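Below: one structure, written as structure tokens.
Everything quoted here is computed from the prediction, not taken from an experiment. Scope of the values below: all heavy atoms of this structure, side chains included, with no hydrogens, waters or symmetry mates. Every chain is numbered from 1 and lettered A, B, ... according to where its sequence line falls, protein lines coming before strand lines.
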Protein chains: 2
Amino acid sequence: MSELQRRPTLMDVAEAAGVSRALVSIVMRGAPGAAEATRQRVLQAASDLGYRADSRARLLRSSRTKLLGLAFSSSQPFHAEIVDAAYAEASAKGYEITLSAVAGGRPEARAIETLLDVGAEALIIIAPTLSVDDLALHARQVPVVSLLRDDVGDLVDSVSSDDHAGIALAVDHLVSLGHRRIVHVDGGTAVSSDKRREAYRTEMIRHRLQPVVVSGGPGEEDGMGAGQILQADLPTAVIAFNDRSALGIMESFRAAGISIPADVSVLGYDDSNFAKLSYVQLSSVSQDAPLLAAAAVGRAVDRIDGAKSPGSVVRTPHLVIRKTTARAPEGNSDT
Amino acid sequence: MSELQRRPTLMDVAEAAGVSRALVSIVMRGAPGAAEATRQRVLQAASDLGYRADSRARLLRSSRTKLLGLAFSSSQPFHAEIVDAAYAEASAKGYEITLSAVAGGRPEARAIETLLDVGAEALIIIAPTLSVDDLALHARQVPVVSLLRDDVGDLVDSVSSDDHAGIALAVDHLVSLGHRRIVHVDGGTAVSSDKRREAYRTEMIRHRLQPVVVSGGPGEEDGMGAGQILQADLPTAVIAFNDRSALGIMESFRAAGISIPADVSVLGYDDSNFAKLSYVQLSSVSQDAPLLAAAAVGRAVDRIDGAKSPGSVVRTPHLVIRKTTARAPEGNSDT
DNA sequence: TGGTTCAACTAGAACGATCTAGAAGATACT
DNA sequence: AGTATCTTCTAGATCGTTCTAGTTGAACCA
């Protein structure tokens, strides 16, 4: 019944159309050098046979794959947003993207192997955890672009978001609303947690305010825990490490009857999809996934096309104000 | 400085080791037919040169890619869970997986093209939206396994979860807790919404209870809307189309001061990652992503290895009871 | 001694595309 | 007419592997 027939080759199409292999190749690539009539005849034959070029053979010969390898972590919603955007950008530049996920039992190194095996011409790695040396090793073979991490040595490109600027936006926004007691719930050991914490400290001091950091983490649970601690001596505003943490903080406040933003303002980071939900409406610092993705794809393509030296691109995040931040409550002065 | 050097080939290794190309090939594949001493010499030369087999050439020749193509939707967290599990299962069976995402501007057809282009030997498509005819078309070329959808004709395999059994579990559970006024908030136009709604109806009738369906959808917002409606005449239990909808329903109840599960029990569907969160603790019907993924990969590999006819596998979901379901409140009799 | 068997190795043809160089035929120019 | 030029097409090499069919030489046996 459903037997798998051998895949037709250039030769089959050539015979069917009564021309040479080479000419079929010309027609299929849309290259110049074929008469219009013949072109039509060949295309007809090809579609009759259900011909589809074997990319292995094609790429073996031409050594161009037009393929960008993208390694991401399947458990991170933010990565998924970047993946989406990368597809769009790549296809606009005439490239395809192959994905490889870093999952539970699947280390980054493995994901990269796979990408190279299918012939990616460049690697885009979201938040690489590999050592600088390992990254450099791969960079000798193909251009490597690191996304969301910038301390990757000078052999690999990096595209990242300016954490300091993001936190500065957050602090400025809250200060301009009259807040003075602004606490930061940090990301614990998560990537870029250190940067954001330090940025928070310097920005607070710049405003001549007292920085207070409560330790947290990247998940809702971490936010919950931090929220409990904060209730003992409630500040007027909280800057969370990310949106998920913010969600936990808010949940803990709500359970205690603390109202947001009347009693306390909460600001997230990432502007994740769920921040937009009607019942969340979380104000957040947006890293703008589409822009980051576009920049990464752009770098990768430039490098493939011969741009000599790697460089680093830093994008400035922006603030998305929704319903969880408001003016500081009256008569709440600090130290 | 960082110039990309030409990738070393079998020939280079052969010269370095002073043997023929063929022998190097034998050694690299670990095939029998080389003396131990030579084998070591070749391996040494290979690692000195940093040799890594060109899979395009290899696969062109052997016409085996050991590659499974997996198409998924990047915006669905549940798909991500399946992807994770599929990786593990595939590598246990000696296969690699290439991913292709169905994203905003990127239709399923495009994703499939890409998978075939890189040489996938079989296609696993999560919740395919393609027509039965289109699927059959691809199935003539490679084995195709449909995940989470079973009406796909008899040329393609399907692995799905038994929606009727899942809903039956849900209804039975609530009935056993003494609930009689159980409402279903459906999934609107979402895939398998019809099936779950019908299953709910028959199961309710089987228990001689009055089925009541409120129309909803797959997102939190849809749940919110349905929650508002339900408040007018509160039932003792709600079965949501999925977890996200359940979350919306709960949020709407909470805002109205209705307590869960004291006043009303809420049951989700999917057992998503967030259902486990400490402040959610949602009871839910689990479709068991790892099992589904394993079954799909298993089918794909069997078909590649020559299993003749496609078949369909249906897995039975199970119930995960957490904190949102409890005994029905006393003295709340129905019609 | 001469034949068989076996392990260790190699030459060269695949695989299915692209690419280079050139042939054949039509057209234009002097 | 003779030649240059352009378009359309083709033969054959090539990419880096694997595979088939050997070849070589040593060991074994009667």
Side-chain angles (χ1 to χ4, degrees), chain A residues 4-43 45-46 49-67 96 116-121 141-142, chain B residues 4-43 45-46 49-67 113 116-121 141-142:
Chain A
L4 307 180
Q5 64 238 26
R6 194 181 56 84
R7 182 175 185 162
T9 76
L10 264 195
M11 191 60 199
D12 299 323
V13 178
E15 272 171 12
V19 295
S20 70
R21 272 173 8 235
L23 191 59
V24 177
S25 171
I26 287 172
V27 171
M28 296 315 289
R29 278 176 294 146
E36 191 48 34
T38 337
R39 190 174 288 272
Q40 289 307 328
R41 193 153 40 91
V42 169
L43 286 175
L49 292 172
Y51 171 78
R52 108 187 310 273
D54 181 326
S55 66
R56 308 194 280 295
R58 156 178 300 177
L59 302 171
L60 170 57
R61 181 60 239 234
S62 62
S63 70
R64 286 302 310 265
T65 65
K66 287 281 183 177
L67 222 52
E96 277 290 343
L116 291 175
D117 274 348
V118 300
E121 290 187 63
Q141 310 249 6
V142 294
Chain B
L4 307 181
Q5 63 237 28
R6 194 181 57 84
R7 184 175 184 161
T9 75
L10 265 195
M11 192 59 197
D12 299 323
V13 178
E15 272 170 12
V19 295
S20 70
R21 270 174 7 237
L23 192 59
V24 178
S25 170
I26 287 171
V27 171
M28 296 314 290
R29 278 176 295 145
E36 191 48 33
T38 336
R39 189 175 289 272
Q40 289 308 328
R41 195 154 38 91
V42 169
L43 287 174
L49 293 172
Y51 172 77
R52 117 185 297 275
D54 182 326
S55 68
R56 309 194 278 294
R58 156 175 299 175
L59 302 171
L60 171 57
R61 180 59 237 229
S62 61
S63 69
R64 287 302 309 267
T65 64
K66 288 280 183 177
L67 223 52
E113 299 281 296
L116 291 175
D117 274 348
V118 300
E121 292 187 62
Q141 310 248 8
V142 294

[N] [atom2] sits how many Å from [X] [atom1], rounded?
X     : N      : atom1 : atom2 : answer
B:L23 : C:dC9  : CG    : P     : 6 Å
A:D12 : C:dC15 : CG    : C1'   : 13 Å
A:I26 : C:dA17 : CD1   : P     : 15 Å
A:R56 : C:dA14 : CZ    : P     : 19 Å
A:R21 : D:dA11 : CZ    : C1'   : 8 Å
B:M11 : C:dT10 : CE    : C1'   : 12 Å

Tell me the closest heavy-atom pair linking [X] and [Y], and the distance in Å.
X     : Y     : value
B:T9  : B:Y51 : C-CE1, 3.5 Å
B:A16 : B:L49 : CB-CD1, 4.2 Å
A:D12 : A:R7  : OD2-O, 4.3 Å
B:G33 : B:L23 : O-CD1, 4.0 Å

Exercise. Quick one: on DNA chain C, does A:A53 or B:A34 contact a more 5' nucleotide (nearest heavy atom)?
Worked result: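 Closer to the 5' end of DNA chain C: B:A34.
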Exercise. Which comes earlier along DNA chain C counting from the 5' end, the contact point of B:A57 or that of B:G33, where each point is its nearest nucleotide?
Worked result: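 The residue mapped nearer the 5' terminus is B:G33.
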Below 4.0 Å: OP1/OP2 of [N] and any side-chain N or O of [X]:
X     : N      : answer
A:T38 : D:dC9  : yes
A:S25 : C:dT18 : yes
B:S20 : C:dT10 : yes

Problem set entry | Check: D:dT17 base within 3.5 Å donor-acceptor of B:R58 side chain |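 No pair found.
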Problem set entry | Donor/acceptor link under 3.5 angstrom from B:R61 side chain onto base of D:dT18 |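 Side chain to base: pair present.
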For this session: Choose from D:dT10, C:dA11, D:dT17 the nucleotide whose nearest atom is closest to any side-chain atom of B:D54.
Result: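 Nearest to the side chain of B:D54 among the choices is D:dT17.
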For this session: Indicate, with a heavy-atom threshold strictly under 4.0 Å, whether A:A35 touches base, sugar-phosphate, or nothing.
Result: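 Since only primed, P, OP1 and OP2 atoms lie under 4.0 Å of A:A35, the category is sugar-phosphate.
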